[in-house]
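Take a look at the structure below.
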Protein chains: 2
Amino acid sequence: MVNMKKEESTEQQILEAAKNIFQSKGMDGARMQEIADKAGINKAMLHYYYRSKQLLFEAVFKNVFSLLAPQLNTILNDDSSIEEKIRHFTNDYTSFMMKHPYLPNFIINELNRNEDFIIKLKNTTGFPNIKKFKAQVDNEIKAGVLSPIDADQLFVNILALNIFPFLGKPLVKALTTKDETSYMAFVEKRKIEVANFIIQSIKK
Amino acid sequence: MVNMKKEESTEQQILEAAKNIFQSKGMDGARMQEIADKAGINKAMLHYYYRSKQLLFEAVFKNVFSLLAPQLNTILNDDSSIEEKIRHFTNDYTSFMMKHPYLPNFIINELNRNEDFIIKLKNTTGFPNIKKFKAQVDNEIKAGVLSPIDADQLFVNILALNIFPFLGKPLVKALTTKDETSYMAFVEKRKIEVANFIIQSIKK
DNA sequence: ATATTTGTTAACCAAATGGTTAGACTTTAT
DNA sequence: ATAAAGTCTAACCATTTGGTTAACAAATAT
């Protein structure tokens, strides 16, 4: 397959192709030749623009992570109530993931492969900060809106319930004996089911 | 490092070494030489006993999955109430995962890498079956013990809340700014926190 | 005792893989 | 017009990697 988007710069084409291959095959499974083929250019170009596989990978990872971070910041930094945030996040995040099915596994997996890597990310601007969310949870508990719960635990619960269906898709599909269509419907329903589930648990 | 357990058969030593390497590096990242080194034997032995990397990997995967399956069956097939099952599972599963930290990521990741693979597993005896659990949930809803909820959704919620903290450990550690020790304490607390969280949500 | 099967190793091999180089073509600056 | 800088390719290279082979040792059967 040859370059179809003549407008795009070669550097961008490479990044797009690399995102594609790295996300579906991971760092170890990806092949430079395959990325070059997908970008419709010579393999030497990859090194011309990105020097090495490692650096190309890091460029991809940062790019992909920068798609995810705003999604997390939604729940952390707007001014709506916790309940609204949960409903909003659960809906938006699920929609987002349905459009980027490889993303969560890619992020989670590569962070596990190289734990030091996240340290680099933490210094990036836009790395999600949980502080405001925690303060807000504590406030709403004091105000009697929510039952007592540790804000970190709640945060992880929200993430878990939203992310896991994408991470564990093949396993969950098999366990619940759903095909692709019914799994999609199942996940679509979670946009509200999960929000209700969480709120029922924490609301006074 | 050389073979320390002289009792074990070579075949077993290879499997143990392979479990170790495959779980931490994945199929693509693992090297046959590294497995041979860890097992303290010649690389040719790997092929003598397991023919190819692929077959060795499959042997490892089946072996690892057979550790996980009983954990899932706990919640599915005993005779206690749903509430008891959730408390029991949340406690046991977390303990189990703390002892096998690479396991969830390995399973999830390799299933994503090769979706057909789970079909082979489904035919294995001992593959978890969710039927009984679903019937029980529906009964307790009818009996008025639980508020209405789709049993599949509940099942996935339980899995999500228990598995995600291990899958997403590096990410969650970074987001909640915890070090290894405090993360372990955090996960330890979840043994009861998660059970409470779920039960608060579903109990009438 | 001796033939046979099983277990094990060192050395080897072909293919794949990340990376380099020398040169050609294009665009930009002078 | 031409020099310089930037972009691109084909061919090449060294290393890594999964896998094989031939010969040797050890256990087992006859």
Side-chain angles (χ1 to χ4, degrees), chain A residues 1-64 106 109-110 113-114 117, chain B residues 1-64 106 109-110 113-114 117:
Chain A
M1 181 160 308
V2 189
N3 169 15
M4 286 181 223
K5 313 158 198 168
K6 273 211 166 174
E7 307 300 288
E8 268 180 351
S9 74
T10 305
E11 196 173 344
Q12 265 305 310
Q13 279 172 249
I14 293 172
L15 194 69
E16 285 306 310
K19 269 167 75 172
N20 218 294
I21 304 292
F22 275 132
Q23 276 193 74
S24 60
K25 308 210 168 175
M27 169 67 170
D28 294 329
R31 294 290 158 253
M32 293 297 267
Q33 187 60 58
E34 198 179 356
I35 294 171
D37 290 348
K38 184 145 235 161
I41 46 115
N42 190 287
K43 182 163 66 91
M45 283 286 89
L46 304 185
H47 294 95
Y48 180 73
Y49 283 104
Y50 293 92
R51 288 191 61 93
S52 69
K53 187 183 184 186
Q54 179 63 28
L55 287 175
L56 176 55
F57 174 79
E58 289 182 18
V60 166
F61 192 92
K62 279 174 197 158
N63 185 291
V64 170
F106 174 68
N109 199 40
E110 298 300 337
R113 216 178 48 85
N114 181 3
F117 202 50
Chain B
M1 180 161 310
V2 188
N3 167 16
M4 287 182 223
K5 315 161 197 166
K6 274 214 163 172
E7 309 300 290
E8 269 180 350
S9 72
T10 305
E11 195 173 344
Q12 266 303 310
Q13 279 172 250
I14 292 172
L15 194 69
E16 284 307 310
K19 270 167 74 173
N20 218 295
I21 303 293
F22 276 131
Q23 276 193 74
S24 60
K25 309 211 167 174
M27 169 68 170
D28 293 329
R31 295 291 159 250
M32 293 297 266
Q33 188 59 59
E34 198 179 356
I35 294 171
D37 290 347
K38 183 144 235 161
I41 45 113
N42 191 287
K43 182 162 66 88
M45 283 284 88
L46 303 185
H47 294 95
Y48 181 76
Y49 283 105
Y50 293 92
R51 288 192 62 96
S52 69
K53 188 184 184 185
Q54 179 63 29
L55 287 175
L56 176 55
F57 174 79
E58 288 181 20
V60 166
F61 192 92
K62 279 173 197 156
N63 185 291
V64 169
F106 174 69
N109 199 40
E110 298 299 337
R113 217 179 47 87
N114 181 1
F117 203 50

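Worth saying up front: this structure is predicted, and the values here are computed from it rather than measured. Residue numbers start from 1 in every chain, and the chains themselves are labelled A, B, ... in the order their sequence lines are given, proteins ahead of strands.
- In this structure, A/Ala36 reaches neither bases nor backbone, as no heavy-atom distance under 4.0 Å exists between it and the strands shown.
- Of the candidates C/dT9, C/dT8, D/dG19, the closest approach to any side-chain atom of B/Tyr48 belongs to C/dT8.
- Regarding B/Lys25, its NZ atom lies at a distance of 14 Å from the C1' atom of D/dT17, rounded to whole Å.
- In this model, the phosphate group of C/dG18 is approached by a side-chain N or O of A/Arg31 to a distance below 4.0 Å at OP1 or OP2.
- For A/Lys53 against C/dG19, no side-chain N or O and base N or O form a donor-acceptor pair under 3.5 Å.
- When rounded to the nearest whole Å, the span between CZ of A/Arg51 and C1' of C/dT20 equals 12 Å.
- With distances taken from any side-chain atom of B/Met45 to the nucleotides C/dT20, D/dC8, C/dT8, the minimum falls on C/dT8.
- Distance CZ (B/Phe57) to P (D/dG18): 14 Å, rounded to an integer number of Å.
- Put simply, A/Tyr49 has a side-chain N or O that comes within less than 4.0 Å of OP1 or OP2 on D/dC8.
- Nearer the 5' end of DNA chain C, as judged by each residue's closest nucleotide, is the contact made by B/Glu11, out of B/Glu11 and A/Asn42.
- One can place CD of A/Glu34 at 15 Å from C1' of C/dG18, the figure rounded to the nearest angstrom.
- Listed nucleotides D/dG6, D/dG18, C/dG19 differ in distance to B/His47; the shortest reach to its side chain belongs to D/dG18.
- A distance of 7.5 Å separates CG in B/Asn42 from CD in B/Gln33, rounded to the nearest 0.5 Å.
- Using cut-offs of 30° and 60° on the angle between ring planes, the pair B/Phe61 and B/Phe106 is tilted.
- The CD atom of B/Glu110 lies 8.5 Å from the CZ atom of B/Phe22; values are rounded to the nearest 0.5 Å.
- The side chain of B/Thr10 approaches C/dT8 more closely than any other nucleotide in the set C/dT9, D/dT9, C/dT8.
- Put simply, the side chain of A/Met27 reaches to within 4.5 Å of the side chain of A/Lys53, judged on heavy atoms.
- Across the protein-nucleic acid pair, A/Leu46 atom CG and D/dT7 atom P stand 15 Å apart, rounded to whole Å.
- A 4.5 Å side-chain heavy-atom check between A/Glu11 and A/Ile14 finds every atom pair outside the cut-off.
- Among the nucleotides C/dA10, C/dT17, D/dC8, the one closest to any side-chain atom of B/Ala44 is C/dA10.
- In this entry the distance linking CG of B/Asp28 with P of C/dG18 reads 11 Å, nearest Å.
- Whole-Å rounding puts the A/Lys43 NZ to C/dT17 P distance at 10 Å.
- The B/Met32 side chain lies nearest to D/dG19 when the options are D/dG19, C/dT8, C/dA10.
- Taking atom CD on B/Gln33 and atom P on C/dC12, their separation rounds to 16 Å, with Å as the unit.
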